[in-house]
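For reference, the structure is listed below as structure tokens.
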Amino acid sequence: MTANVSLWQNVQVAIAALGASQVVSGVTKASPGVATYVGTDPSDGDYLYFTAQGMTQIDGRVFRADNVNSGSDTLELESEATTLYDTFTAGTMQPLSFSTTLATATNVSASGGDFDFIDISTIHSPVKSQIPGAANPATYTFENLWDVSDAGLIALKAASLTKSIRAVRFSFSNGQKLLFAGYVGATLLPTGQGQDKVTTSVVITMFGTPTVLAT
């Protein structure tokens, strides 16, 4: 089997603000999970930002809608198996339009996302035992060419100033996608060294966990 290798080449980084909130009355434990919503019908392929109580595994995450049924006001969370998740009690969804792209990124690095482990060792065992606790927030840092006309940089700075959540979509040339949402830190201050390009940094701290799609 040949791996579907992704390259940091011809990668699109798209940014979306959160649209109007709609009530989600239920999410099933299934593969994929099915959400019941109130209000405007999305279309297959639309991206949605979810908040959730109870089923915390989908809280603060971005999903793509599939098999939307406008008659029953239901949609599938594409490729997301919720079978073993906690029981949903309340939540919302907000439509996303990835209409703004970042065109100046030269380097992308990720940090965090590691788990704190809780020691549950007893006096009876010769070997310590641990269980996973909470995950630390994951952070993406982008180094960008300092181009203050870049629509992506402008949108990220605006989000930083208003302390607003933004959704981000990485689309790789082989079709694979990474989706997440988070808070933005962007000042657009220029940095660099003599005889080199002028750059500026943007940091996005994830709220919730990322979603991956094969296509």
Side-chain angles (χ1 to χ4, degrees), residues 1-8 11 13 18 24 26-35 47-64 66 76-94 96 105 107-143 156 159-160 163-172 174-186 201-215:
M1 177 180 175
T2 303
N4 187 14
V5 179
S6 298
L7 300 175
W8 287 111
V11 179
V13 180
L18 310 186
V24 175
V27 178
T28 64
K29 295 184 180 185
S31 182
V34 177
Y47 292 93
L48 301 162
Y49 173 80
F50 275 75
T51 67
Q53 297 175 31
M55 191 177 283
T56 57
Q57 294 88 348
I58 67 169
D59 185 42
R61 292 181 60 190
V62 178
F63 297 100
R64 191 163 61 188
D66 195 19
E76 292 179 0
L77 308 181
E78 185 179 335
S79 301
E80 187 72 14
T82 58
T83 308
L84 299 179
Y85 290 177
D86 297 329
T87 301
F88 181 91
T89 57
T92 64
M93 68 181 193
Q94 294 169 263
L96 303 169
N107 186 56
V108 182
S109 59
S111 60
D114 54 316
F115 283 83
D116 291 327
F117 280 83
I118 301 167
D119 194 309
I120 58 167
S121 305
T122 69
I123 62 172
H124 313 291
S125 175
V127 179
K128 286 188 175 182
S129 300
Q130 294 180 325
I131 58 173
N136 293 307
T139 299
Y140 265 105
T141 301
F142 299 83
E143 288 296 327
L156 291 169
S160 178
K163 295 181 172 58
S164 301
I165 293 175
R166 289 292 182 265
V168 179
R169 182 185 66 195
F170 289 177
S171 298
F172 293 87
N174 59 5
Q176 298 188 116
K177 294 177 177 63
L178 174 73
L179 305 161
F180 62 92
Y183 289 102
V184 181
S201 294
V202 173
V203 178
I204 304 177
T205 299
M206 284 187 202
F207 186 77
T209 56
T211 297
V212 294
L213 296 170
T215 59

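This is a predicted model, so every value here is computed, not measured.
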| message | Do Tyr85 and Glu80 pair up side chain to side chain, a donor and an acceptor below 3.5 Å, judged on atom types alone? | response | yes

| field | Euclidean distance, Ile204 CD1 relative to Thr139 OG1, rounded to 0.5 Å | value | 10.0 Å

Quick one: side chains of residues 205-215, donor-acceptor pairs under 3.5 Å with protein atoms, not counting sequence neighbours, listed by atom name and distance.
unit_1, atom_1, unit_2, atom_2, d
Thr209, OG1, Arg61, NE, 3.4
Thr211, OG1, Arg61, NE, 3.3
Thr211, OG1, Arg61, NH2, 3.0
Thr211, OG1, Val62, O, 2.9

| message | What I want to check is whether the side chains of Ser6 and Asn174 have a donor and an acceptor closer together than 3.5 Å. | response | yes

| Plane angle bin for Phe180 and Tyr140 - parallel if under 30°, tilted between 30 and 60°, otherwise perpendicular | parallel

Pairs of donor and acceptor atoms involving the side chains of residues 116-124, under 3.5 Å and at least two apart or interchain, shall be tabulated with distances.
unit_1, atom_1, unit_2, atom_2, d
Asp119, OD1, Ser121, N, 2.8
Asp119, OD1, Ser121, OG, 2.7
Ser121, OG, Ser129, N, 2.9
Thr122, OG1, His124, N, 3.2

| request: Please tell me if the side chains of Val34 and Thr82 come closer than 4.5 Å, counting only heavy atoms from C-beta onward. | output: no

| message | Rounded at 0.5 Å granularity, tell me how far CD in Glu78 sits from CG in Asp66. | response | 5.0 Å

| From Ser164 OG over to Tyr183 OH, what is the distance, rounded to the nearest 0.5 angstrom? | 8.5 Å

| message | Counting only heavy atoms from other residues, nucleotides and ligands, does the tally under 6.0 Å from CG of Leu7 exceed 12? | response | yes

| query | With Phe50, which residues qualify under ring-ring contact (aromatic ring centres under 6.0 Å, His included), at least two apart? | reply | Phe63

| query | Mind checking whether Val202 and Val184 have side chains closer than 4.5 Å, heavy atoms only? | reply | yes

| Test item: side-chain donor near acceptor, Thr83 and Ser31, under 3.5 Å | no

| remark: OG1 of Thr51 to CE of Met93, rounded to nearest 0.5 Å, is 11.0 Å

